[in-house]
Amino acid sequence: MALRLGILASGRGSNFQAILDACKQGTLDADVRVVISNNPEAGAVDRAKRERIPAHILSSQTHPEAHALDRAICRTLKDHGVDWVVLAGYLKKVGPVTLEAFEGRILNIHPALLPKFGGPGMYGLRVHEAVLRAGDKTTGVSIHLVDEEYDRGEVVARAEVPVLPGDSPDVLAARVLKQEHALLVSTLRRIAGGDLGGSVTTKGPR
Ligand code: GRF
């Protein structure tokens with residue numbers, strides 16, 4: 001049976017799109033059942049609407065009380081029969097009710113080699129700026145299980161990406177993003193195939 005996914009996204013949604021494309025191409029046996037966003041303007045919400053995938057805006061605006069928001073997110077995922085949750089550019093913490101209900105079945109994608117360049121405030125171009133400032137020659141992508149802290153749960157897949165001389169944060173972000181899309185799809189394929197034992201690091205393009 002196809003893997004039933006729930007996507008949580010705050011922004012552009014290119015990782016969500018990579019999942020959709022792989023499903024359409026038949027390279028991933030999954031079905032995106034619902035998209036949840038805290039941001040009504042998110043590109044991910046437009047993408048969901050275009051594909052006629054249910055999209056819900058659940059945020060501190062719709063649910064000012066954190067526990068009520070957490071419960072609403074959990075309920076929405078359950079109502080759509082979701083097996084696994086993917087945080088695809090979701091900038092909020094996942095609450096304890098949702099974490100417990102989907103324990104070990106929530107993934108986040110992060111554009112660096114965790115535990116480096118992760119944690120509070122490390123999102124978007126800030127990550128790549130920090131990598132360039134540190135002078136690292138290699139960065140990459142990490143996919144990890146989600147717990148109550150930002151970017152901290154067990155890493156289940158990584159891909160390395162070279163940092164090249166003259167890289168700007170934007171150029172580096174674009175190179176990393178390409179690998180994000182590939183790693184997210186290949187990791188979900190592993191999950192769909194019932195295999196998520198041991199983490200895998202792949203070498204990026206040279
Ligand atoms: C990606 O870089 C992802 O690793 C990070 O947020 C960004 C989301 O991009 N968590 P998109 O919305 O999927 O295009």
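Remember, it's a predicted structure, so these values are computed and weren't measured experimentally. Both ligands and their constituent atoms are indexed starting at 1 by order of listing.
- Side-chain contact between Leu8 and Leu77 is present, with at least one heavy-atom pair separated by less than 4.5 Å.
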Side chains of residues 122-133: which donor-acceptor partners sit under 3.5 Å, not counting sequence neighbours?
residue, atom, partner, partner atom, Å
Tyr123, OH, Arg126, NH2, 3.3
Arg126, NH1, Gly121, O, 3.3

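- To the nearest 0.5 Å, the span separating CG on Leu5 from CG on Leu20 amounts to 9.5 Å.
- Using a 4.5 Å heavy-atom threshold, the side chains of Ile36 and Ile7 count as separate.
- Separation of atoms CG (Leu28) and CG (Leu188) is listed at 5.5 Å; rounding is to 0.5 Å.
- Near ligand 1, Arg12, Gly13, Ser14, Asn15, Gly89, Ile109, His110, Pro111, Glu180 each place a heavy atom less than 4.0 angstrom from the ligand.
- Remark: the Gln17 side chain and the Asp21 side chain contain an N/O donor-acceptor pair separated by less than 3.5 Å.
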